[in-house]
Number of protein chains: 2
Amino acid sequence: MDAEFWVYFGTFQWNVPILNSKPESSQVPSSRKPPRPNQRKRPTILDVARRAGVSKSLVSLVIRGDARVSPSNRGAVLEAVAELGYRPNAMARGLVQRRTRMVGVVVSDLSNPFFGDVVSGIQRRARELEYTVLFSTGDRQQDLEVEAIESLLELRVDGLILAGPRIEFETIEGFGRSAPLVVLHRPTADDWSDSVTNDDPKGAQIAVEHCASLGHTRIAHIDGGPGAGAQARREGYEQAMHRLGLERHILVVTGGFTEKPGRRGAQELLSRRPLPTAVFAANDLCALGALNAFEESGLTIPEDISLLGYDNTSVAALRHVSLTSIHQPSVRMGRMAVDRLFERIDKGRTEPRHDVVSPSLVVRDTTGPVPGGGE
Amino acid sequence: MDAEFWVYFGTFQWNVPILNSKPESSQVPSSRKPPRPNQRKRPTILDVARRAGVSKSLVSLVIRGDARVSPSNRGAVLEAVAELGYRPNAMARGLVQRRTRMVGVVVSDLSNPFFGDVVSGIQRRARELEYTVLFSTGDRQQDLEVEAIESLLELRVDGLILAGPRIEFETIEGFGRSAPLVVLHRPTADDWSDSVTNDDPKGAQIAVEHCASLGHTRIAHIDGGPGAGAQARREGYEQAMHRLGLERHILVVTGGFTEKPGRRGAQELLSRRPLPTAVFAANDLCALGALNAFEESGLTIPEDISLLGYDNTSVAALRHVSLTSIHQPSVRMGRMAVDRLFERIDKGRTEPRHDVVSPSLVVRDTTGPVPGGGE
DNA sequence: TCGAGCGATTGGAACGTTCCAATTTCAGGC
DNA sequence: GCCTGAAATTGGAACGTTCCAATCGCTCGA
């Protein structure tokens, strides 16, 4: 068996395989062998140059779109390029230019629809700035997430965006020392990274105030459990309740960021008396779990209980669901992340910047006036 | 303004910017300027070698985990690596090795929850085979999709997986000539690429048979419009209806793969008399749109109308939705795609292989017996 | 007719690795 | 003390680009 040896020094982490004396026995399936050239040898800039009868430098100029090349030579080169099926080698280019015009994006969970919009914003802004985006994901596991980041850094991306990272803060800070880094959806406060987050306490406040404006007083909260954003939303809820003079109605039960814990949280709420008339859930999926539990127990939404989610995912927008939710401007946040990176990479900014954007309320069909006039 | 000039030759496509005589005026914002080295110079293998008092070759051996290095030297090198915060440069390595151990995955639409599982399968299998996965997406646009693929190929990924590509068949075939290529969720039949698809006609047949087994005869279909998989599902539906002797009940209305067209399709169905008692929609989102339209018109599901989706996405599984659907083994399909790639890259397979996996039925709460005994 | 000046073109030196063949080191047997 | 061979280590040549300074070839004015 191979041993794994972790070198850890300061803020830097990297794993080195240590083999035992038996050489390539327990290695990868069988693949360290001579890599069979499946495809025929790829043409290089030199092949193009030969074919076009010019120097490699001239080919390079044409490829980069330099204006000083004579039309005839440009034509000849382009022709040779097409004939040979030449495709520039980004590695060679990156090596000499020492920059890649690539940004790496690590998404903690690609299957969460919430990240779709973020990714879309990143993609579009990056394109405007002529950057290429490479995504990677830890598939919900911390160690894979670190591996993904490492790979991207080894590829020498010019900058890194971590969308909702699940890894430890110290690790993140270490990466920030290696490359320009923007953290999305999770606040950082160090000198090495930027962050773009939404104002969770504010969002919670908006949710509570919406309920209050509909006459609700017994407003409960199903929280996000141990998750990162959970605390901020819970505290926002509590503060808002205080501010409205509803502190004696504060009621928080444990939930989570997916359907099942939301369901369980709601079931716990159902055992309390008097029942709350409005429930603010940690996020949309959590709210959906709650919705299900309420419906099963014979309550109707929003007549008996009003329900709010958070994140305004595509699921909340489905008309069959039509969940009132707190919206984060995800697309814009994605764009902002790229802008922060751009400032560091191309404008030379070095002082950290931490942006907080405001959430907003999207009223749909799961919230309504308090039944029977409250209390 | 910059002009864009497309070189197209045979199966190869690549865009070359052509500048007008004014040099760097209307260029990118301002970024072609000297790239400011935001971070301090990165240590190279030579720095490590100097610090550890050994040759660069020895450092290279340690990093790659070669067993022949003496323990003392290994220790010294590792120490130097940690002290300097050295991270190997994948570009330099890839350049000389002429392989990268990276596979590129282009997902047509990252916000579609359907691809979450596929990606997960790809990710896990790739990790087992010690490949790194790089994702990219066209964000639903054809030209961006091509750009994404180009970028990955310029990076010299060892292989490429296209998940539900929206680009033309000829273009795909061209890419298959440049690198090992697996197409997911869309059949190909050429000699240059492999494909992994689900058996759409079979899935449609299962859906229809499920309805029939519940006593339904007036089974309608809301199709996927002009989309790629739409045709196969529609034809599967029609064939199954024939086989069951229900050809006179065949009823297809135009829909699409998202909620809105599904809604419209359902509305059209509602104008037909007699109403169908079961509806098979092109996919889950389409079915959700239909569900909404039916509910709005006062029908209850499944008492008045049974409803089926396709793809068995996470949305269908939400208990509040609980949509009967046709399941594709997405995770497995992702794994298979990586395996096909591996066979081409490391095993030297060259003959194409086209796998078709079987879909299956997931019964939930939107299908039930035919109301009143049919006809 | 000649050089100045300018645009177009070129060859060589990087970039940071791995690979390979060659060299050094060292233990052990005679 | 020397030779042998294996193990450990090494320097130089790739890999495919871009960058830079230098050169080439014209046109034009004196």
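Chain A is the first sequence line, chain B the second, and so forth, proteins listed ahead of strands; every chain is numbered from 1.
Between the axis at the start and the axis at the end of the helix from C/dT1-D/dA30 to C/dC30-D/dG1 there is an angle of 60°, using five pairs per end and rounding to 10 degrees.
A salt bridge links B/Asp158 to B/Arg99: at least one charged side-chain nitrogen sits closer than 4.0 Å to a carboxylate oxygen. Looking at B/Arg51 and B/Glu79, no side-chain N of the basic residue comes within less than 4.0 Å of a carboxylate O on the acidic one, giving no salt bridge. In this structure, B/Arg87 pairs ionically with A/Glu150, as a charged nitrogen and a carboxylate oxygen lie closer than 4.0 Å.
OP1 and OP2 of D/dA7 both lie 4.0 Å or more from every side-chain N or O belonging to B/Ser70. The phosphate of C/dT9 has OP1 or OP2 within less than 4.0 Å of a side-chain N or O from A/Asn73.
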Whether each nucleotide of nucleotides 12-26 of chain D has a protein heavy atom under 4.0 Å at its base (B), only at its sugar-phosphate (S) or at neither (-) is summarised, 5' to 3', as B--BBBBB-------
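Residues that satisfy the side-chain contact (heavy atoms from CB on, under 4.5 Å) test with B/Val103, not counting sequence neighbours, are B/Val105, B/Tyr131, B/Val133, B/Leu341.
When rounded to the nearest whole Å, the span between CZ of B/Arg68 and P of C/dC26 equals 18 Å.
Counting only N and O atoms by type, the side chains of A/Arg344 and A/Thr350 include no donor and acceptor under 3.5 Å apart.
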Salt bridge (Lys or Arg N to Asp or Glu O under 4.0 Å) between B/Asp47 and B/Arg42, intermediate numbers included: CA-CA 9 Å; B/Asp47 299 315; B/Arg42 289 218 173 83; over 6 Å; no
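The shortest distance between side-chain heavy atoms of B/Ser60 and B/Ile45 falls below 4.5 Å. Residues B/Ile122 and B/Arg335 are not in side-chain contact: their nearest non-hydrogen atoms beyond the backbone lie 4.5 Å or more apart.
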